Number of protein chains: 2
Amino acid sequence: MSPEVLANVTRAIDELHYVPNRMARSLANRQTMAIALVVPEETTRFFGDPYFASIVDGIARALRPSDYVLNLQFASPGALSEKTVRYLLGGNVDGALVVSHHSGNHFLASLGHSLPVVFGGRPLHPDEQPSHYVDVDNVAAADMGTRYLIDQGRQRIATITGSADMPAGIDREAGWQRAMERAGLRTDLVARGDFSMASGARCMRSLLDRSPGLDAVFVASDLMATGAVSVLRERGRAIPSDVAVVGFDDSPVAIGGEVELTTVFQPSVEMGEAMAHMLLAMLRGEEPEPVQIMPTRMVVRESA
Amino acid sequence: MSPEVLANVTRAIDELHYVPNRMARSLANRQTMAIALVVPEETTRFFGDPYFASIVDGIARALRPSDYVLNLQFASPGALSEKTVRYLLGGNVDGALVVSHHSGNHFLASLGHSLPVVFGGRPLHPDEQPSHYVDVDNVAAADMGTRYLIDQGRQRIATITGSADMPAGIDREAGWQRAMERAGLRTDLVARGDFSMASGARCMRSLLDRSPGLDAVFVASDLMATGAVSVLRERGRAIPSDVAVVGFDDSPVAIGGEVELTTVFQPSVEMGEAMAHMLLAMLRGEEPEPVQIMPTRMVVRESA
DNA sequence: CTGAAAGCGCTTACAG
DNA sequence: CTGAAAGCGCTTACAG
């Protein structure tokens, strides 16, 4: 083809608004150019947690320049619907991104056998299979947040944990415990939350009842920390002088509430981007590092 | 085919886990069995507002029993990306659901010409074209919420509005104004928010500065009302005795905060379901009522 | 290197 | 009513 012919054709394509038929292309190609975004969480929780917002934001951002399209698959935490399973396994998508703190879902855990999959957060049973995921070192990060309180001279440091069936919940509690033990402090002030604001408030009340003299609390998410802060104020505790609070995430709620939170930052948006890039690499046939651990850091504001 | 043969084939289908290829079917069919969920909002705002959570929850719920799949299309409020436009117009979806308070987006407004589309909330320019949408009567609902305060004997009633470029923002302000004028009350205490919690706090501060003696405030969303409540408490105002607060939505934040909100309920989940059902009907070739207005009601709790 | 043909896996209109 | 053929709109392997 001569350059002029090419130019003519190109112009015709533009003028006629020609758009290749995706279905026909997929059929011939054996590629769907679609990626499933699997959300094994209650819609309420998914939308209520700014962590997910950032992750999805990062994913959407990373996928924008690509030709891939995102297919939303809501599912309950426990099991995927038959429809979703059929969809994922029926060759309707080229890969899947699973965003959830949760785990213990057998099908999801083994989904990587049938399809390129990247998880947000480490799977709960690492032995189950070598999967691809993006995460932070939650143990080390929680250790850092707790140590920050210890270094301020706090003595009676409680923790409000996340859910016990989520790696992020388990690991952040372990990090708190490690820091406390290393400092020779008591590790009895533990209240189990579920990452929701309401659970943060409930846990704070119970901790205050059990130990009115506590002088600090490490909370496994900013959303829970917000709930804890409002209870502390309700009970007349000054923050941080009476009780110091360290949160986790550095999500928008950290600065939107009554007291600006000192917190452990995790790069949620970048984690979403990293998930998408890892999957994109897999789809290109590359073999990216299966595990990507992102850095965390302390962000000091008012609450501690 | 004899019944036995049929049974054998059916069994074979089950055993071999046969799943019809969606792409091939779409190509032959001229149907994609996909619906676009267009979100012309910043991701942060989308995820931060429980209203959207409920809408999407309702949509997902209504679509679950169907064979349709949801394709997420994030877009900026102002304009859709070329990729999204190509996608929507390129025959990749059978219809679209647009969830946003926003409007003023020309392309979106005329999207209904090329594709079955249902909007969440009335389009800003109703003259532009007769489109399909699900909404509540925001004027009447805000009138009701304001009247509730008036009936309690409140005299100095302010309002915190939503964004001025969203029908929900405009109409709820109009409803407040109508109720106030009918009662012969002054309509000068208006602060313009943007549906975010932070804007609710900011507006409350400015209202209190302008009129320390105000005794009630009608707020166009529960999220903003939450921000307003924390400022009122910060300034030492008792709720509802000093200042009564009425919110809007009856979303989860209405009962998750420091004070349980009295609010105007709108059936967000059902609105999402209604949007999906309307679109499904259109896709079946039916001609559903193009406008569906859902009922609202007062929910009385602590704040007023 | 170019261009016509076969094939992707379905559905549907049509001949028998 | 049944069954074989054509066609959906692309890509790709292959003959020229």
Side-chain angles (χ1 to χ4, degrees), chain A residues 1-36 63 65-71 73 82-96 114-116 279-286, chain B residues 1-36 63 65-71 73 82-96 114-116 280 282-286:
Chain A
M1 259 200 291
S2 72
E4 307 148 44
V5 173
L6 181 64
N8 280 339
V9 170
T10 309
R11 188 156 40 75
I13 287 178
D14 280 1
E15 282 172 6
L16 298 172
H17 290 103
Y18 169 76
V19 180
N21 181 305
R22 202 185 189 85
M23 303 303 148
R25 177 181 289 192
S26 291
L27 191 58
N29 237 353
R30 339 226 78 217
Q31 277 196 297
T32 63
M33 300 313 272
I35 291 174
L63 253 33
S66 83
D67 284 323
Y68 285 93
V69 145
L70 217 46
N71 283 47
Q73 299 289 327
E82 215 220 319
K83 181 182 165 190
T84 302
V85 172
R86 262 217 324 272
Y87 186 76
L88 292 175
L89 262 31
N92 297 295
V93 293
D94 295 338
S114 336
L115 200 69
L279 186 61
L280 253 19
M282 293 165 77
L283 294 178
R284 280 192 304 266
E286 303 167 13
Chain B
M1 257 199 291
S2 72
E4 307 148 44
V5 174
L6 181 64
N8 280 339
V9 171
T10 310
R11 188 155 40 75
I13 287 176
D14 280 1
E15 280 170 8
L16 298 172
H17 289 103
Y18 168 76
V19 181
N21 181 306
R22 203 186 188 84
M23 303 302 149
R25 177 181 290 193
S26 291
L27 191 58
N29 238 353
R30 339 226 76 214
Q31 278 196 295
T32 62
M33 298 315 272
I35 291 174
L63 253 33
S66 83
D67 284 324
Y68 285 93
V69 145
L70 218 45
N71 283 48
Q73 298 290 327
E82 215 220 319
K83 182 182 163 193
T84 301
V85 172
R86 263 217 324 270
Y87 186 76
L88 291 176
L89 263 30
N92 296 295
V93 293
D94 296 337
S114 338
L115 200 69
L280 253 18
M282 292 164 77
L283 294 178
R284 280 193 303 266
E286 302 168 13

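Below, each value reflects all heavy atoms present in this structure, side chains not excepted, and no hydrogens, waters or symmetry copies. Convention: sequence-line order gives letters A, B, ...; per-chain numbering from 1. Since the model is a prediction, treat every value here as computed from it, not as a measurement.
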*Would you please enumerate the stems DNA chain D participates in, each stem being three or more consecutive Watson-Crick or G-U wobble pairs with both distances under 3.5 Å?*
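The stems that DNA chain D takes part in, listed by first number, are C:1-3 with D:14-16, C:5-12 with D:5-12, C:14-16 with D:1-3.
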
*Side chains of A:I35 and A:V93: closer than 4.5 Å at any heavy-atom pair?*
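With C-beta onward as the side chain, the pair stays apart.
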
*Tell me, please, which residues at least two apart from B:R86 pass salt bridge (Lys or Arg N to Asp or Glu O under 4.0 Å).*
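Salt bridge (Lys or Arg N to Asp or Glu O under 4.0 Å) check on B:R86 returns B:E82.
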
What's the shortest heavy-atom distance between [X] and [Y], and which atoms?
X: A:A96; Y: A:L115; answer: CB-CD2, 4.1 Å
X: A:A34; Y: A:N92; answer: CB-O, 4.0 Å
X: A:L88; Y: A:A36; answer: CD2-CB, 3.5 Å

Under 3.5 Å between N/O atoms: give me all the protein pairs with nucleotides 3-5 of chain D, atom names plus distance.
none

*Rounded to the Å, how far apart are B:M23 CE and D:dG7 C1'?*
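These atoms are roughly 19 Å apart.
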
_Distance in angstrom units between A:N92 CG and C:dC10 P, rounded_ =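 In whole Å, C:dC10 P lies 11 Å from A:N92 CG.
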
*Would you tell me if any nitrogen or oxygen in the side chain of B:Y18 comes within less than 4.0 Å of OP1 or OP2 on C:dC10?*
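Looking at the OP1 and OP2 atoms of C:dC10, one of them is under 4.0 Å from a side-chain N or O of B:Y18.
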
Please set out all donor-acceptor pairs under 3.5 angstrom arising from side-chain atoms of residues 19-27 of chain A, sequence neighbours excluded.
residue : atom : partner : partner atom : Å
A:N21   : OD1  : A:M23   : N            : 2.7
A:N21   : OD1  : A:A24   : N            : 2.9
A:R22   : NH2  : A:M33   : O            : 3.1
A:R22   : NH2  : A:D67   : O            : 3.2
A:S26   : OG   : A:R22   : O            : 2.9
A:S26   : OG   : A:Q31   : O            : 2.9

According to side-chain hydrogen bond (donor to acceptor under 3.5 Å, both in side chains), who are the partners of [X], at least two apart in sequence or on a separate chain?
X: B:Y68; result: none
X: A:R284; result: A:E286
X: A:D94; result: A:T32

_Could you tell me how far C:dG7 sits from D:dG16 if I compare only their P atoms? Round to whole Å._
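Comparing P positions in D:dG16 and C:dG7 gives a spacing of 16 Å.
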
*Would you jot down, in residue-number order, the residues of residues 25-35 of chain A having a non-hydrogen atom under 4.0 Å from DNA chain C?*
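Output list: A:L27, A:A28, A:R30.
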
*A:A28: side chain to side chain contact (heavy atoms under 4.5 Å, CB included) partners, not counting sequence neighbours*: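 Side chain to side chain contact (heavy atoms under 4.5 Å, CB included) check on A:A28 returns nothing, list empty.
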
